[in-house]
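Before any comments, here is the structure.
Keep in mind that this is a model prediction, so the values were computed, not measured. Letters go in sequence order (proteins before strands), and every chain restarts at 1.
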Amino acid sequence: MSAHGHDIPVAELIDVTRTYRMGGNEVRALDGFSHSFGRGEYWAIMGSSGSGKSTLLNLLACIDRPSSGVYKVDGVDTGTLDDDALSELRSRKLGFIFQAYNLIPQLDVLENIMTPLFYQDDPPPDGPERARKLAARVGLANRLDHRPMQLSGGQQQRVAIARALVNHPALILADEATGNLDSATALEILALFDELHAEGRTIVMVTHEPDVGERAQHVMRLKDGRIESIVRDQHTAARSEFYASAEAAS
Amino acid sequence: MKGGALWRTVRLGVSSLLLHKLRSALTTMGVLFGVSSVIAMLAIGEGASAEAQEQIRLLGSNNIILRSVKPREDFATSSSQTTRVVSYGLTEEDLERIEKTFPGVARVVPVREIYEEVRFSDRAMNPRVMATLPMYREVTNRVMYEGRFLTDQDMERVANVCVLSDSVASYLFPVDSPVGQEVKIGADYYTVVGVLLSRVRAPSDTAPAGKSTAEVFIPLETGRKWYGSMQVKMRAGSREMEEVELHEIVVEVANPKNVPMVAEACREMLRRNHKQPDYEDVVPLELLLRAEETKRIFNIVLGSIASISLLVGGIGIMNVMLATVTERTREIGIRRALGAKRRHIVTQFLVETVVLSVGGGLFGVALGLLVPAFVEHFAKMRTIITPTAPLLAFAISAGIGVVFGIYPAWRAANMDPVEALRHE
């Protein structure tokens, strides 16, 4: 990622439209969307269901393609890439954290963390080492040989976060990452996100929970496939207030 | 894909299959039984046909055996009601024609049978007493057990000597060696000079069906001298006279290639010179060819049955894999989102199918090797496992995995990742 200057946005969408056909009607899930996600930024995308936030996330994750418009990851126009190149880009530049953890049940913790590396054309030789370090970082150093089923929801999500970091991604995408967790565990996960942000990683998080959205650096609200509002640098005071109330609750 | 990556994919495939042990085990059954039945059936078929071929080969694939056969009553020339003379069969003339005029014939051996009882002290039996030439043993590939066979001197001297087959020897001489002893054939005494090993009974042996392999050989000249061509068979209420010049002619052909031609010539010659069908021919080479043809048909039938069972096994695997792909839609979505290319997904599912079918194939080979051993032990049938059979069956099972795995794998790889991730 150092090949590019810091002025190039990690993810840049220019006039992106995504339409679906639903029973003969054309639905515009995303309508002329333009935005740049800068390096080191921590974004929360909010909006009611049907606002287009899932569509935006799928496009950002390169598992969906825009119907029109341009999407660049680290300056690379994804419209020029074929399926294989897009897959390679996913395994090298993107980290994905899902609501339902989405670990692979047959694999143990270490293998789950390494999964994105398996699919790179030139897997790095230090994969297991990276995975072990990340597992230690998310507090699962002693569970490397456990299967997902043997872990709690919070632990599974930690594995998923480690997996999202193993390929040193340019962009970390989180889809309702705390949606399936109890509030205490959710706070732990959000604290991890804060750490990642503090390290200078770029995070885009989709959520419909205001509490979670408040933790991000910037907030974008979507409505009907368009940007409704953007709040940059939410008040730090609000955040410390949130911390205080959370501590009181636990 | 690199070796390490493939190995990891195989390991992953195995562990995915182990998540559903019963299902995977049942799925492999189709291939398992298909493969094992192919190997077992081939082994049993191969053994049976090898046995038949070996027995035919013992008759001498260079030989043509012509035999006198008593024609049906209405063909026979009869003289009176109570004493009838039945005259039929091969003649000295036939022998001479074959010997003198047929090209490609190496040796011709006449055999005359004498219907007399053979006894030694108080033991008696009724073997085939055959008057023949010394070269009979060589032409028919018979093996001496002890002593010697008939010689040219025996012929010149018109000696009263005989050679017993081992079944006759062991009946008449349960303890001592018969060589040097004298046995009584009809009214005359013969010195035993040797014992010949009996041939294993084949379904189409030289001996007509129902006759035992008990045989006694005497020099042809001795037979001619003491017993004319007219022989009397005593039956309840009637005497039957039979006039048969020669009971059997063994024709040895120099080059096996010419056997069919010479056989045809013999048939043609006999057809012309015999008014009645009082002869038959046995051509071991033709029997051999027929046995080989039978084996070929057998193999085709077995092959079809086996392919059907393997096809059914393959369809079973495909069915389960399609269900598996649907069941694991979400996993496919996750893997695609994490960067798996289509070929990774194809490989993953193809490997699983191949592991299933190859696993079934391996166990099938093991079972297929066990079954013939059991058959051999309990049914006392000979079985032959050719090295190609297990290899072929195994290769086919692996091929089935690929063929029937391609479609499910292709379906998995072409899923829309977004849809797949949404799948519950």
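Counting heavy atoms of neighbouring residues, nucleotides and ligands inside a 6.0 Å radius, atom CZ of B:Phe374 does not exceed 12 of them.
Taking the six-membered ring where the residue is Trp, A:Phe193 and A:Tyr42 present tilted rings, their angle falling between 30° and 60°. The aromatic rings of B:His344 and A:Tyr119 sit tilted, their planes meeting at an angle between 30° and 60°.
Relative to the ring axis of B:Phe298, B:Arg296 does not place its NZ or CZ within 45° and under 6.0 Å from the centre.
Using modelled atom types, one finds no donor on one side chain facing an acceptor on the other under 3.5 Å when comparing A:Gln99 with A:Asp175. Counted by atom type alone, B:Gln348 and B:Thr9 present zero donor-acceptor pairs between their side chains at under 3.5 Å. When only modelled atom types and interatomic distance are considered, B:Arg23 and B:Thr324 share a side-chain donor-acceptor pair under 3.5 Å. Looking only at atom types and distance, the side chain of A:Gln106 has a donor-acceptor partner in the side chain of B:Glu331 under 3.5 Å away.
Residue A:Asp84 touches chain B through both its backbone and its side chain, counting heavy-atom pairs closer than 4.5 Å. Both the backbone and the side chain of A:Phe118 have a heavy atom closer than 4.5 Å to some heavy atom of chain B. With a 4.5 angstrom heavy-atom cutoff, A:Asn102 touches chain B via backbone and side-chain atoms both. Heavy atoms closer than 4.5 Å to chain A are found in the side chain of B:Leu421, but not in its backbone. For A:Leu107, the part sitting under 4.5 Å from any heavy atom of chain B is the side chain, from C-beta outward, and nothing else. For A:Arg163, the part lying near chain B is the side chain, with the backbone staying farther off; criterion is any non-hydrogen pair under 4.5 Å. Of the two parts of B:Arg328, only the side chain, counted from C-beta on, holds a non-hydrogen atom closer than 4.5 Å to a non-hydrogen atom of chain A.
Most heavy-atom pairs under 4.5 Å with chain A: of the set B:Arg336, B:Arg342, B:Arg11, B:Lys341, this distinction falls to B:Lys341. For chain B, the option among A:Asn58, A:Ile63, A:Asp64 with the highest count of heavy-atom pairs below 4.5 Å is A:Ile63. Between chain B and the residues A:Ser87, A:Ser91, A:Ala61, the most heavy-atom pairs under 4.5 angstrom are made by A:Ser87. Chain A forms more heavy-atom pairs under 4.5 Å with one residue of B:Asp416, B:Leu338, B:Leu12, B:Leu18 than with any other, namely B:Leu338.
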